[in-house]
Amino acid sequence: MDMNQYLNMFIDESNDHLQSLNEKMLQLESSPTDLGIVQVIFRSAHTLKGMAATMGFEDLASLTHQMENVLDLVRNNKLAMQEFIFDTFFKGLDALESMVQNITEGGDGKADVSSIVASLQSIVRGDFQKSHTDAVTEAVTPKKAADSESEGLVLDQFQYSVLEQSISEGHRVYYIQVTISSESQLKAARAFMVFNTLENSGEIVKAYPSVQDIEQEKFEQNFSLYYITQKEVGELEKEIAGISEIESVSVVQLDQESLKQMSEVKAGLAETAAVQEAQVAVQQQPAASQPQSSTAASGAKPSDGKAQVAKPAAPTHNRTIRVDIERLDVLMNLFSELLIDRVRLEQLASEASNPALTETVEHMSRVSSDLQNVVLKLRMVPVDTVFNRFPRMVRDLAKSLDKKLDLVITGADTEMDRTVIDEIGDPLVHLLRNSVDHGIESVETRIAAGKPETGTVHLRAFHSGNNVFIEIEDDGSGINREKVLKSAISKGIMTEEQAAAMSDEEAHQVLFAPGFSTAEVISDVSGRGVGLDVVKSKITSLGGNVTIHSVLGKGTNFSVQLPLTLSIIAAMMIQIGSEKYAIPLSSIVETAIVKRTQIRSVHGNKMIAFRESHIPLISLSQLFEVPDFNEDEEEETEVVVIRKGDRLAALSVQDFLGQSEIVLKNLGKYLPNIQGISGATILGDGQVALIIDPNVFIK
């Protein structure tokens, strides 16, 4: 069987599991005694190992198995999590991510992880810390698998207690034997399908051969298991037999007496064998059916016979599907063409004055508007897809800088268009690294300043109108105005006279100057300012804006404003001479009519009064050299007041054509970058209107 057809699914699932492992390891680091988290990590690692083994990526499966060995000790209270173990696990996760990335790029997923494996093995042996005794080490070291099925299916006291308690509480316990067809070319995959089917509606307590051996096809055609569920015998047999290449299946229900007899017989046959692997981890198991997890989390001992077995819940059906982003792009392009035709139809219907046609077009407009909302929502992705990689990054940065800090994330469910999401990751990384490195002080400095030794960085996202705001705020040292201006003067960015006339907000904006930095010692992290010019240019190219608010000694807030989507926007249509333009509504404050007598000239620049202040007036006809319009001949001028952050400006136009939803089209690589133009759109009459980028006109 060609496994390449499953490669994309494997990569997506692996990335999901690795992200989950990183998140849960960070949670476990905060609560190292929470065995519930350990169980979740174990299940995720176990699933990842199984997928890698099935796909033939042995290095990935082998490393995950070594990590699984350590987790098995932890969840059975035979090993306590410590700093060395956490560091080793995070190194292992980094290596796994590199392997998956290599596979994504067409590689074989191989990597030299011998040092990490050696560390994991030393943890299992207890060599990493001398306080571990040889007796404990021997007790927790996994033994060689038994050769016979009788030895393999011997239940330890804990497993027997779980099964016995399940029977007494009304659950059904089965002994299941499955035989795979000798013609099967992929036994491990068929076994995995059986496990997956069973785990959707119950709990596998013990399997033979071991899960690892099954995944690596180190078994004949048969495997057996103990299983807890609420399903009937016939229903189980039908489900398992329905899987292709399953030759036969035997399901025997056990009561307490038969369970005891079977356990005694098998124990007698295997009394000299070591107890084999513990229960098989449940993949994607509902929280309501976790008898072993409940016991482990509560600290109950196997010998007390009181394992809390919850009633198995009904299987949860997956209500989501994965869709390639390229397909959504195609859908968006097709809908964009439909939107253009809709506007054209509306114009034709109004000209034809046909009531039936007008009614039909209005109905089509309502339907297409609903369709537009659906299409846009399909492309909307929670910012959590970007935010979820930051806790691990911040943790590693703080550790390398010997600082203590908490990253508090709020609003991670805020949604943005996928095209915006794909672009904001790097700018946010720059801002976070600067907050950790240059914003948060060292422990000694914070204590001396009367602050808690643990700094806090807030990462929050929220909607406001047609924009999404992302804020990164720290409670660190703040921005030192004098230090910033001194550095800017020394680098020739400004003169001393210009620096003296700057407000605090203007001084903060100097941080975005190319190549600017206040770092006295260049570290491998960054100094405040390194990369911030890249941040601003990237956010500006997305139609957004970034502002800074800082109080010396109290902290700094970077606020990033971004559009919800870059595909379809609401715009004000304007006309200058014979040319039409579109201005995004998100940048417009208001429109007005200004008489020529109200226009002032200040140092050669045109200004108009606006809300108790004066703002610059920019002539679009002169800027774009429109040949058939001269605004100097107009007694009154229509203006559009635009905003960029806290700054305002006015654009003079000839006429307002009204508000419209437009589809953004790229100008193409053959046209040079035109200052003030971000793209174009096709109007309902087939004409092309250029889309104005208001951010360019406000410095």
Side-chain angles (χ1 to χ4, degrees), residues 380-395 397-398 403 405-417 420-441 451-452 454-479 484 504-512 525-526 528-565 586-587 643-647 695:
M380 300 299 276
V381 180
V383 293
D384 180 57
T385 57
V386 176
F387 284 8
N388 58 19
R389 60 174 164 151
F390 294 147
R392 169 69 194 284
M393 182 194 80
V394 169
R395 179 255 183 200
L397 285 178
K403 294 180 179 179
L405 64 88
D406 292 328
L407 176 63
V408 180
I409 296 178
T410 54
D413 56 348
T414 304
E415 292 185 332
M416 298 177 67
D417 191 283
V420 183
I421 287 284
D422 289 342
E423 299 292 334
I424 63 171
D426 289 342
L428 295 181
V429 167
H430 278 295
L431 294 177
L432 276 171
R433 289 170 73 90
N434 275 280
S435 288
V436 175
D437 182 33
H438 210 87
I440 300 295
E441 313 95 328
K451 295 182 177 181
T454 301
T456 303
V457 176
H458 289 274
L459 176 61
R460 58 178 77 95
F462 55 91
H463 283 130
S464 179
N466 289 323
N467 295 286
V468 171
F469 285 83
I470 298 177
E471 294 185 346
I472 297 174
E473 182 177 3
D474 63 66
D475 64 348
S477 56
I479 297 174
V484 169
D504 287 345
E505 287 72 19
E506 292 172 331
H508 296 160
Q509 291 298 316
V510 176
L511 294 173
F512 294 116
V525 180
S526 67
R528 176 83 75 183
V530 171
L532 291 189
D533 60 318
V534 178
V535 170
K536 186 169 185 178
S537 62
K538 171 59 74 174
I539 292 173
T540 301
S541 70
L542 293 173
N545 186 45
V546 56
T547 57
I548 306 174
H549 177 73
S550 181
V551 178
L552 188 62
K554 294 187 177 180
T556 303
N557 180 302
F558 287 90
S559 180
V560 178
Q561 176 185 349
L562 292 161
L564 275 176
T565 177
S586 58
S587 299
R643 177 194 301 274
K644 178 183 177 183
D646 297 329
R647 300 185 180 186
N695 291 322

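Keep in mind that what you see is a predicted model, and the values were worked out from it rather than measured.
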* To do: Verify side-chain contact (heavy atoms from CB on, under 4.5 Å) between Asn557 and Ile548, making sure each step is shown before the conclusion.
  => CA-CA 6 Å; Asn557 180 302; Ile548 306 174; over 6 Å; no
* So which heavy atom on Ser550 is nearest to which on Gly555, and how close? ->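 It is OG-O, 3.2 Å.
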* In chain order, what residues pass the salt bridge (charged side-chain N to carboxylate O under 4.0 Å, His left out) check against Lys451, with sequence neighbours excluded? ->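 Glu441.
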Could I get the full list of side chain to side chain contact (heavy atoms under 4.5 Å, CB included) partners for [X], not counting sequence neighbours?
X      : answer
Glu415 : Met380, Pro382
Thr454 : Lys404, Asp406
Val381 : Thr385, Arg418, Ile421
Ile409 : Phe387, Pro391, Leu407, Ala412, Leu459

* NE2/His458: more than 12 non-hydrogen atoms of other groups inside 6.0 Å ->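 Yes, the 6.0 Å shell around NE2 holds more than 12 heavy atoms from other groups.
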Are any of the side-chain heavy atoms of [X] and [Y] separated by less than 4.5 Å?
X      : Y      : value
Leu432 : Ile472 : yes
Asp474 : Thr456 : no
Gln561 : Val546 : no
Asn545 : Thr540 : no
Ile440 : Asp475 : yes

Drop me the distance from [X]'s [atom1] to [Y]'s [atom2], to the nearest 0.5 angstrom.
X      : Y      : atom1 : atom2 : value
Leu431 : Glu471 : CG    : CD    : 12.0 Å
Leu397 : Lys403 : CG    : NZ    : 9.5 Å
Ser559 : Glu473 : OG    : CD    : 10.0 Å
Leu428 : Phe558 : CG    : CZ    : 11.5 Å
Phe469 : Thr414 : CZ    : OG1   : 12.0 Å

* Asked: Mind checking what makes side-chain hydrogen bond (donor to acceptor under 3.5 Å, both in side chains) contact with Ser587, not counting sequence neighbours?
  ->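 side-chain hydrogen bond (donor to acceptor under 3.5 Å, both in side chains) check on Ser587 returns nothing, list empty.
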* Could you list the residues that satisfy side-chain hydrogen bond (donor to acceptor under 3.5 Å, both in side chains) with Lys538, not counting sequence neighbours? =>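 Listed in chain order: Glu423.
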* Val394 vs Leu405, side-chain contact (heavy atoms from CB on, under 4.5 Å): CA-CA, chis, key distance, verdict -> CA-CA 9 Å; Val394 169; Leu405 64 88; 3.1 Å; yes
* To do: Could you name each residue pair satisfying salt bridge (charged side-chain N to carboxylate O under 4.0 Å, His left out) that touches residues 545-564, not counting sequence neighbours?
  =>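 Salt bridge (charged side-chain N to carboxylate O under 4.0 Å, His left out) check on residues 545-564 returns no pairs.
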* Phe390: partners by ring-ring contact (aromatic ring centres under 6.0 Å, His included), with sequence neighbours left out ->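 None.
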* Hey, mind stepping through Leu511 and Ile479 against side-chain contact (heavy atoms from CB on, under 4.5 Å) and telling me if it holds? -> CA-CA 10 Å; Leu511 294 173; Ile479 297 174; 3.4 Å; yes
* Tell me, with the steps shown, if Arg433 and His438 meet side-chain contact (heavy atoms from CB on, under 4.5 Å). => CA-CA 8 Å; Arg433 289 170 73 90; His438 210 87; over 6 Å; no
